[in-house]
Amino acid sequence: METIKTAMFETLMESAVPNEAGGFTFTLEGKSYQIMDTLEISKIAQDHGYIIIY
């Protein structure tokens, strides 16, 4: 049986914390990403197998 993972975009946005480089540190499933634009969050979540709910 395959697990379907969903996430609300607003909830994912809450995991993006401003960093010293002027961007954000986004953490998902224990892995941290340095991003410059919060729109990158959707791509990262999709790469982790999530279906994003807007």
Side-chain angles (χ1 to χ4, degrees):
M1 176 184 277
E2 183 179 343
T3 300
I4 297 174
K5 299 186 284 187
T6 61
M8 294 188 63
F9 184 73
E10 292 84 9
T11 302
L12 293 172
M13 287 282 296
E14 293 173 1
S15 298
V17 180
N19 62 30
E20 296 172 1
F24 300 89
T25 300
F26 173 67
T27 304
L28 182 63
E29 295 182 339
K31 187 168 182 183
S32 293
Y33 299 88
Q34 302 302 314
I35 59 175
M36 293 305 294
D37 188 338
T38 55
L39 294 177
E40 296 177 61
I41 291 173
S42 293
K43 172 75 169 103
I44 294 168
Q46 289 171 347
D47 289 346
H48 278 259
Y50 282 86
I51 297 171
I52 310 303
I53 301 169
Y54 294 94

Checklist line | Test side-chain hydrogen bond (donor to acceptor under 3.5 Å, both in side chains) applied to Ser32 - qualifying residues, sequence neighbours left out | finding: Thr27
Checklist line | side-chain hydrogen bond (donor to acceptor under 3.5 Å, both in side chains) partners for Glu40, two or more places apart | finding: none
Next item on the list: Please check if atom NZ in Lys31 has more than 12 non-hydrogen atoms from other residues, nucleotides or ligands closer than 6.0 Å.
Entry: no
Check: What distance separates Phe26 CZ from Ile41 CD1, expressed to the nearest 0.5 Å?
Finding: 5.0 Å
Note to self: If you compare all heavy atoms of Phe9 against all heavy atoms of Thr38, which two are closest, and at what distance to 0.1 Å?
What the structure shows: CZ-O, 4.1 Å
Margin query: Rounded to the nearest 0.5 Å, what separates atom CD in Gln34 from atom CZ in Phe24?
Written below: 11.5 Å
Item checked: Pairwise salt bridge (charged side-chain N to carboxylate O under 4.0 Å, His left out) hits with a residue in residues 14-23, at least two apart -> none
Expected list for residues 44-54: side-chain donor-acceptor pairs under 3.5 angstrom, two or more places apart:
from	atom 1	to	atom 2	distance (Å)
Asp47	OD1	Lys43	NZ	2.7
Asp47	OD2	Lys43	NZ	3.2
His48	ND1	Glu29	OE1	2.7
His48	NE2	Tyr33	OH	2.7
Tyr50	OH	Glu29	OE2	3.1
Tyr54	OH	Ser42	OG	2.8

